[in-house]
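Just the heavy atoms: all of them, side chains too, but no hydrogens, waters or symmetry mates, feed the values below.
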Amino acid sequence: MKLRGAALRSWLQAPALELAPQLLGAVLTTHRPDGRVTLRITEVEAYEGALDPGSHAYRGPTLRNGVMFGEPGHLYVYRHLGLHHCANLVCGPVGRASAVLLRAGQVIGGADIARTRRTGAGVCRTDPDLARGPARLTVALALAAADDGVDVCGPRGSVTLAVSLGSAANEVSSGPRVGVSGAGGDADAFPWRFWSSGEPTVSAYRRAP
DNA sequence: GGTACGATTGTCT
DNA sequence: GACAATCGTACCT
């Protein structure tokens, strides 16, 4: 059973923690002037809004995180350290600010285009590395600040998501989230990172400083 | 109006 | 394994 459009948005009303493992294997496509890139999601993290000390939404709505408090099915894209971008899929009911961070994926379409987008950046240009890590994923898909709030459930949007229920991932592993510090510094208390077991595209674990 | 800091990555030792 | 890059946001005065 494949979910897209309105059916997908309805499905995304569930909390992030529940949806995160089911999003493994989902297919995300971006349409850009330089071409179309498609990837299969292999690693995610759940963030539970106001209930979650590690979430950007923990302290309530602000100018930056406003999208997370809105309708599910939109992307929350933010800039990190002035250098990189990270992308989240907003889920849960409106106002809950529940979201799933897209940490890694396997490029299954337009790999040559994704590779081109990485020219000049780093030494890792083998295919599994194209979208290994949240910032690399946004580079491969050409997601940037302008995509903050974009709707992935639209019929003809520039970014589209398709979830195949049941055929997601063969085996799902879970563990503490990467780099989450602050009040939620105890990462082990929130083992809300999920990845497809055995995937070479999953990012390396780094504990928060 | 000023300052501290971050859901990361690439490079250097 | 350690650290610099780099800028918008959040929080304080």
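- For the pair A/Arg193 and A/Trp195, the cation sits on the ring face: its NZ or CZ lies under 6.0 Å from the ring centre, inside 45° of the axis.
- Of the candidates B/dG10, B/dT8, C/dT9, B/dT8 carries the atom nearest the A/Arg103 side chain, counting heavy atoms from C-beta on.
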Return one dot-bracket line describing DNA chain B 5' to 3' (Watson-Crick or G-U wobble pairs, both distances under 3.5 Å; ( ) same strand, [ ] crossing, | another strand, . none).
||||||.|||||.

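- Atom pair A/Tyr58:OH and C/dC11:P shows a separation of 12 Å (rounding to whole Å applied).
- Listed here is the closest heavy atom pair of A/Leu8 and A/Leu161: CD2-O, 3.4 Å.
- Within a 6.0 Å sphere centred on CZ of A/Arg32, other residues, nucleotides and ligands contribute more than 12 heavy atoms.
- B/dT8 atom P lies 17 Å from atom CG of A/Asp129, rounded to whole Å.
- A/Asp148 has its CG atom 10 Å from the P atom of C/dT9, to the nearest Å.
- Between A/Leu83 atom CG and C/dA4 atom C1' the separation is 10 Å, expressed in whole Å.
- For A/Ser196 and A/Thr42, the side-chain atoms include no donor-acceptor pair closer than 3.5 Å.
- By the 6.0 Å and 45° rule, A/Arg177 does not stack over the aromatic ring of A/Phe194.
- Going from the C1' atom of B/dC5 to that of C/dC3 covers 16 Å, rounded to whole Å.
- Closest non-hydrogen pair, A/Ala104 versus A/Gly133, comes out as CB-N, 3.8 Å.
- In this structure, the nucleotide among B/dT8, B/dA7, C/dA10 sitting nearest to the side chain of A/Leu81 is B/dT8.
- The phosphate of B/dA7 (OP1 or OP2) has no side-chain N or O of A/Arg193 nearer than 4.0 angstrom.
- Rounded to whole Å, the distance from NE2 on A/His85 to C1' on B/dT8 is 12 Å.
- If you take NE2 of A/His56 and C1' of C/dG8, they are 12 Å apart, rounded to a whole angstrom.
- Atoms CZ (A/Arg59) and P (B/dC5) sit 13 Å apart, rounded to a whole Å.
- With B/dA7, B/dG10, C/dT9 as the candidates, the nucleotide lying closest to the side chain of A/Arg64 is C/dT9.
- For B/dA7, the OP1/OP2 oxygens have no side-chain nitrogen or oxygen of A/Arg79 closer than 4.0 Å.
- Nearest nucleotide to the A/Ala135 side chain, out of B/dT8, B/dA7, C/dA10: B/dT8.
- At least one side-chain heavy atom of A/Leu143 sits under 4.5 Å from a side-chain heavy atom of A/Thr30.
- A/Asn65 places its CG atom 13 Å from the C1' atom of C/dG8, with the value rounded to the nearest Å.
- Between the side chain of A/His80 and the base of B/dA7 there is no donor-acceptor pair of N/O atoms closer than 3.5 Å.
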